[in-house]
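Both counts, for ligands and for their atoms, begin at 1 and track the order of listing. The first residue of the sequence shown is numbered 1, and numbering continues consecutively from there.
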Amino acid sequence: MEIGVLSVKKICILLLCLVLLLSVFTPANGESLTVKVEPHRALLSFDLADREAVYVTYKTASDNGEFVIYGQDGHFEAVCELPGTDKAVKLNVVVYSLGGKVLLKQDTVTVVPKGEGPVSGLSYQGRPAGSAREAVITAELDGIHYRFTTPGRDTVVIKCKSPQESHTVTIYAGEDYWYEGVIAMPYTYADDKITVMVTTPTTSTLYSGEFQMPTNFPPVAEQAAEGRLKGVKVCIDPGHQAKTQVETVQLAPNMNKTATTTVGMAKGVVTSRRESIVVLEIAMKLRNVLLAEGAEVLMTRETQDQFVGMLERAEIPNEWGADFVLRLHCNNRSNASIQGIHIFCPYASEYAAQVADVDTYREMGFTLLRAMEAVTGASGGKCTLNDTYVGNNWSKMPSFLVEMGYMSNKEEDLLMANEPYQKKLAEGMAEGIIQLSQMRGLIE
Ligand SMILES: [Zn+2]
């Protein structure tokens with residue numbers, strides 16, 4: 001009997017090894033790349049069930065580029081603009097993991113329909129008086145707009161590069177050697193830097209410049225007359241601002257210690273986005289979700305340039321008489337694998353003690369955390385009570401510093417830059433505020 005048991009065990013182990021080997025060498029079902037080539041662009045579509053985001057590179061003889069793309073439930077779609085590509089096209093597309101591993105690749109050969117030459121990009125007719133060579137290049141929400149002339153030169157190469165994508169395209173001159181058009185930058189976020197270079201096909205520089213993608217905040221929603229948060233006042237404090245200004249202030253009303261601004265803020269490991277813009281974008285969405293629930297909302301800042309001091313971040317909600325303060329931040333650690341939401345509440349502040357005892361404060365923090373995790377799907381969250389944060393210590397109402405995720409973690413950096421996930425974070429916080437308002441007896 002024992003021999004029989006051992007044999008069964010051995011067979012099981014062998015089978016397990018076989019399954020593991022097959023899973024290593026066989027791609028999972030559905031992981032194929034579909035490339036549809038149209039005149040001057042290619043449409044990509046693929047599924048990678050276990051990926052949030054991937055890097056894509058594309059290349060033809062005339063045009064090439066790369067970008068980071070975020071999927072929806074494992075499905076990815078993207079457009080590669082190919083303005084300089086015509087006739088028989090050999091398009092090479094490679095999809096990489098964020099760690100640089102090749103996941104999918106494909107070489108497509110196709111023929112562009114006859115009569116479709118390369119895009120001249122020219123809609124400008126005639127020459128403006130005077131500044132014939134002057135380049136007019138601007139960054140707009142739909143991409144880089146260019147208009148310039150290079151007398152005698154009928155082909156140039158334009159390269160546009162942001163932290164999330166780069167495109168190098170060949171452009172042909174229109175009438176009188178004028179060039180005009182738009183290079184789409186669909187994967188570049190608001191406030192990001194973009195460099196633009198125009199060169200000859202042999203890479204002599206004709207123009208170079210640096211631009212900033214404009215911000216694109218949603219309009220402020222109207223406060224609903226009725227809603228689950230009718231009568232509740234919420235102050236939103238988006239952490240940081242574009243330029244750090246160092247100050248030293250008293251740590252807490254009852255503590256004979258000071259706190260000095262920590263220089264620097266979190267920066268996205270993949271996106272290169274700054275914490276100050278990410279928290280502002282999420283704050284704008286949170287404001288609209290709260291207003292739609294009938295809450296009154298006040299923000300401590302609404303622009304990147306607005307400076308708000310450490311004490312001011314408590315004085316503003318104190319003077320306004322807020323019921324709650326949500327202080328939005330993004331986290332950062334040297335260990336890139338750490339993920340999750342981390343909420344901080346005040347611990348030994350005299351003002352905090354008047355709001356709630358330590359156990360109640362902790363319970364409130366965890367209530368907010370669980371509500372956020374339920375909506376976002378984030379896990380591994382924490383809630384900590386400490387004396388570290390001036391804004392928390394000086395608040396005369398429940399105050400929560402919410403680290404919404406880690407910008408040092410590739411997945412969370414991309415998630416926090418992604419609009420649907422930003423909306424989930426906002427909805428999770430609003431849900432938390434509803435539960436806290438019930439706990440505090442502010443609503444039924
Ligand atoms: Zn921060």
Side-chain angles (χ1 to χ4, degrees), residues 189-192 215 235-249 251-252 259-287 299-317 324-336 338-347 365 368-369 372 376 378 380-395 399-417 421-422 425-426 428-429:
Y189 300 105
D191 209 46
D192 286 344
T215 51
C235 179
I236 305 171
D237 176 32
H240 311 271
Q241 50 269 313
K243 284 196 187 90
T244 304
Q245 213 168 302
V246 178
E247 35 165 15
T248 298
V249 301
L251 181 62
T260 301
T261 317
T262 47
V263 178
M265 54 177 142
K267 192 176 171 194
V269 65
V270 177
T271 64
S272 295
R273 303 201 78 200
R274 290 174 301 168
E275 182 184 354
S276 60
I277 183 73
V278 174
V279 297
L280 193 55
E281 285 173 345
I282 299 170
M284 299 278 191
K285 291 183 175 69
L286 174 59
R287 171 166 66 181
M299 307 239 304
T300 57
R301 73 175 173 98
E302 295 184 36
T303 67
Q304 274 285 67
D305 301 329
Q306 197 177 335
F307 176 78
V308 187
M310 282 194 280
L311 282 174
E312 240 185 307
R313 290 179 189 271
E315 283 163 5
I316 291 170
F324 301 99
V325 191
L326 291 173
R327 313 185 52 231
L328 311 191
H329 286 258
C330 304
N331 225 332
N332 186 45
R333 283 289 177 284
S334 53
N335 180 346
I338 298 177
Q339 291 189 324
I341 298 164
H342 198 163
I343 294 175
F344 293 90
C345 307
Y347 179 65
L368 177 59
L369 174 65
M372 289 181 72
T376 58
K382 289 196 271 188
C383 173
T384 304
L385 274 63
N386 68 15
D387 296 328
T388 311
Y389 302 111
V390 172
N392 276 359
N393 293 341
W394 288 87
S395 289
S399 174
F400 308 95
L401 190 148
V402 185
E403 298 278 7
M404 298 177 288
Y406 286 83
M407 295 194 98
S408 44
N409 177 269
K410 287 177 179 175
E411 282 80 18
E412 289 197 340
D413 172 31
L414 282 159
L415 278 172
M416 288 189 290
Y421 191 78
Q422 290 187 342
L425 283 166
M429 283 184 273

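For the side-chain contact (heavy atoms from CB on, under 4.5 Å) with Pro238, the lone residue among Ile282, Leu280, Thr303 that qualifies is Leu280.
Take Phe324 and apply the ring-ring contact (aromatic ring centres under 6.0 Å, His included) test, not counting sequence neighbours, and it matches no residue.
Donor-acceptor pairing under 3.5 Å is lacking for the side chains of Asn386 and Thr384. Side chain to side chain, Asn392 and Ser399 meet the donor-acceptor criterion of an N or O pair below 3.5 Å.
Side-chain N or O atoms of Thr261 include one that pairs as donor or acceptor with a backbone N or O of Glu247 at under 3.5 Å.
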Side chain to side chain donor-acceptor pair (under 3.5 Å) for Gln304 and Ser276? Distances and angles first, verdict last.
CA-CA 7 Å; Gln304 274 285 67; Ser276 60; 3.1 Å; yes
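Take a cut-off of 2.8 Å around the Zn ion (ligand 1): the protein N, O or S atoms inside it are His240 NE2, Glu275 OE2, His329 ND1.
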